[in-house]
*Asks:* 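Got a structure here, written out as structure tokens. Questions coming.
Side-chain atoms are counted along with the backbone in the values below, which use heavy atoms only and exclude waters and symmetry mates. Every number for a ligand or one of its atoms is a count from 1 in the order of the listing. Predicted, not measured: the structure shown is a model, and the values here were computed from it.
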Amino acid sequence: MTLLAAPPTAPAAPEATTGLVFERLEPTIGARVHGVDLARATDDQVRDLRAALARYKVLFFSGQHDLHPDSQIALGRRLGEVTESHPVVPGVDENHPEIYELDSNTGGFADIWHTDVTFVRRPPLGSILRAVVLPPTGGDTQWADLELAYDSLSEPVRRVADQLVAVHDGTREWGYYLAQRQERTQWEGEEFTALVPIEHPVVRVHPETGRRSLFVNPGFVSHIAGVSDAESRHLLDLFYAHITKPEHIVRHRWSVGDVVLWDNRSTVHYANRDYGNQRRVMHRITLRGDQPVAPVPA
Ligand SMILES: O=C(O)CCC(=O)C(=O)O
Ligand SMILES: [Fe+2]
């Protein structure tokens with residue numbers, strides 16, 4: 001057995017002026033954030049959180065018991081522009097059209113790897129999720145780092161991926177729901193009437209950092225454009241197996257009062273469905289994003 005020297009770890013230093021402390025959880029994804037009450041964050045703290053999002057990709061907060069639907073939306077408005085709850089799912093109630101509720105009692109599950117709402121032209125840049133009701137055990141959520149997934153592909157495969165375009169189609173996940181929908185829903189201020197497949201580059205350049213990520217997910221990608229069915233299937237199988245390697249993942253065990261803010265431009269996530277008939281309720285809002293951009297060819 002070889003004993004490895006412990007890697008040098010820099011102690012988490014508070015941000016000089018704002019009191020925030022970012023405790024890194026995995027080498028490239030996830031940080032626990034200390035020193036902030038999200039219901040009463042200062043403008044400087046909000047600015048630091050917004051800047052930290054692209055760097056850490058997923059930010060975890062605990063003890064946020066004063067965050068409720070109104071203050072969750074207010075926080076979102078300080079971090080960006082809050083979207084409607086979801087293209088085909090109305091908000092949790094008429095006072096909160098921005099809150100998308102996942103309630104296990106009404107089929108609210110997310111046990112497939114996905115990035116939120118990639119089946120529209122401009123998917124949300126980020127999401128803020130709050131635990132409302134939790135099962136005694138289970139219901140953890142996992143996020144995988146799409147930048148690390150890109151960087152850890154071999155160079156020739158990265159070169160192939162750089163040139164590919166994926167079709168994102170919400171029909172399998174949401175088509176039935178859309179057909180049964182009782183209320184009208186809006187997205188980007190317009191009535192959302194049909195799920196139309198959308199193309200996005202397989203490799204996405206982060207608009208803030210310039211970093212590349214492997215931007216495909218089994219929740220919404222139907223196929224790779226312009227290749228055979230078999231090629232598409234094998235390429236996607238390769239990418240998905242690679243993205244979800246354990247070393248690309250940060251996993252969260254929830255407590256009531258926990259809030260998670262993540263970057264949808266560089267991550268996929270998966271909510272474990274392992275709690276039987278216990279109830280689990282989560283409230284999410286999303287921040288408006290921009291159209292994914294491919295790398296400039298060399
Ligand atoms: O329930 C969860 O933990 C995550 C659900 C989800 O996919 C989401 O809120 O975007
Ligand atoms: Fe999600």
Side-chain angles (χ1 to χ4, degrees), residues 25 29-30 53 57-62 64 67 69 72-73 75-76 79-80 82-92 96 98-120 122-146 168-170 172-174 177 185 187 200 213 215-221 240 243-244 249-276 278-289:
L25 295 174
I29 183 171
L53 181 62
K57 300 161 199 166
V58 191
L59 299 173
F60 299 91
F61 306 84
S62 56
Q64 304 295 327
L67 214 62
Q72 185 175 0
I73 294 166
L75 173 69
L79 287 162
V82 178
T83 68
E84 297 89 344
S85 75
H86 186 276
V88 306
V89 184
V92 63
H96 304 102
E98 300 90 347
I99 293 196
Y100 170 66
E101 181 177 70
L102 285 110
D103 182 342
S104 59
N105 277 3
T106 53
F109 302 106
D111 54 335
I112 183 165
W113 285 100
H114 67 284
T115 302
D116 293 330
V117 197
T118 63
F119 52 88
V120 297
R122 284 175 289 275
L125 77 81
S127 302
I128 306 175
L129 186 64
R130 185 171 74 90
V132 180
V133 177
L134 292 172
T137 53
D140 292 4
T141 306
Q142 304 181 67
W143 288 262
D145 183 341
L146 298 179
H168 295 240
D169 184 349
R172 194 190 52 232
E173 288 292 311
W174 294 112
Y177 193 97
T185 50
W187 188 255
H200 294 309
S213 66
F215 191 67
V216 284
N217 73 82
F220 300 124
V221 170
Y240 296 154
I243 286 167
T244 56
I249 288 172
V250 63
R251 174 168 176 159
H252 186 61
R253 173 170 294 182
W254 293 91
S255 299
V256 170
D258 285 358
V259 171
V260 181
L261 162 63
W262 67 86
D263 192 329
N264 270 311
R265 300 162 296 186
S266 56
T267 60
V268 283
H269 56 278
Y270 182 109
N272 291 2
R273 185 176 171 180
D274 55 357
Y275 43 91
Q278 303 285 340
R279 192 155 182 222
R280 182 177 184 276
V281 180
M282 311 293 280
H283 280 184
R284 184 188 87 192
I285 60 171
T286 42
L287 304 178
R288 198 174 300 291

*Asks:* Side chains of Gln142 and Asn272: donor-acceptor distance under 3.5 Å anywhere?
*Replies:* yes
*Asks:* For residues Ile99 and Ser85, determine if any side-chain heavy atom of one lies less than 4.5 Å from a side-chain heavy atom of the other.
*Replies:* no
*Asks:* Got the residues with a heavy atom under 4.0 Å of ligand 1, by chain and number?
*Replies:* Leu102, Ala110, His114, Asp116, Leu129, Thr141, Trp262, His269, Ala271, Arg280, Met282, Arg284
*Asks:* Assess the pair Phe60 and Trp143: is the distance between their ring centroids shorter than 6.0 Å?
*Replies:* yes
*Asks:* Test of understanding: with salt bridge (Lys or Arg N to Asp or Glu O under 4.0 Å), list the residues that count as partners of Asp103, not counting sequence neighbours.
*Replies:* Arg279
*Asks:* Test your reading of the model: is there a side-chain donor-acceptor pair from Ser104 to the backbone of Gly108, 3.5 Å cut-off?
*Replies:* no
*Asks:* Leaving waters out, which protein N, O or S atoms fall under 2.8 Å from the Fe ion (ligand 2)?
*Replies:* His114 NE2, Asp116 OD1, His269 NE2
*Asks:* So that I know where these two stand, are Trp262 and His269 an aromatic pair - ring centroids less than 6.0 Å apart?
*Replies:* yes
*Asks:* Using the salt bridge (Lys or Arg N to Asp or Glu O under 4.0 Å) criterion, which residues pair with Arg130? Sequence neighbours excluded.
*Replies:* none
*Asks:* Name the orientation class of the two ring planes belonging to Tyr100 and Trp174 (parallel below 30°, tilted from 30 to 60°, perpendicular beyond 60°).
*Replies:* perpendicular
*Asks:* Between Arg265 and Phe215, is there a donor-acceptor pair closer than 3.5 Å when you use the side chain of the first and the backbone of the second?
*Replies:* no
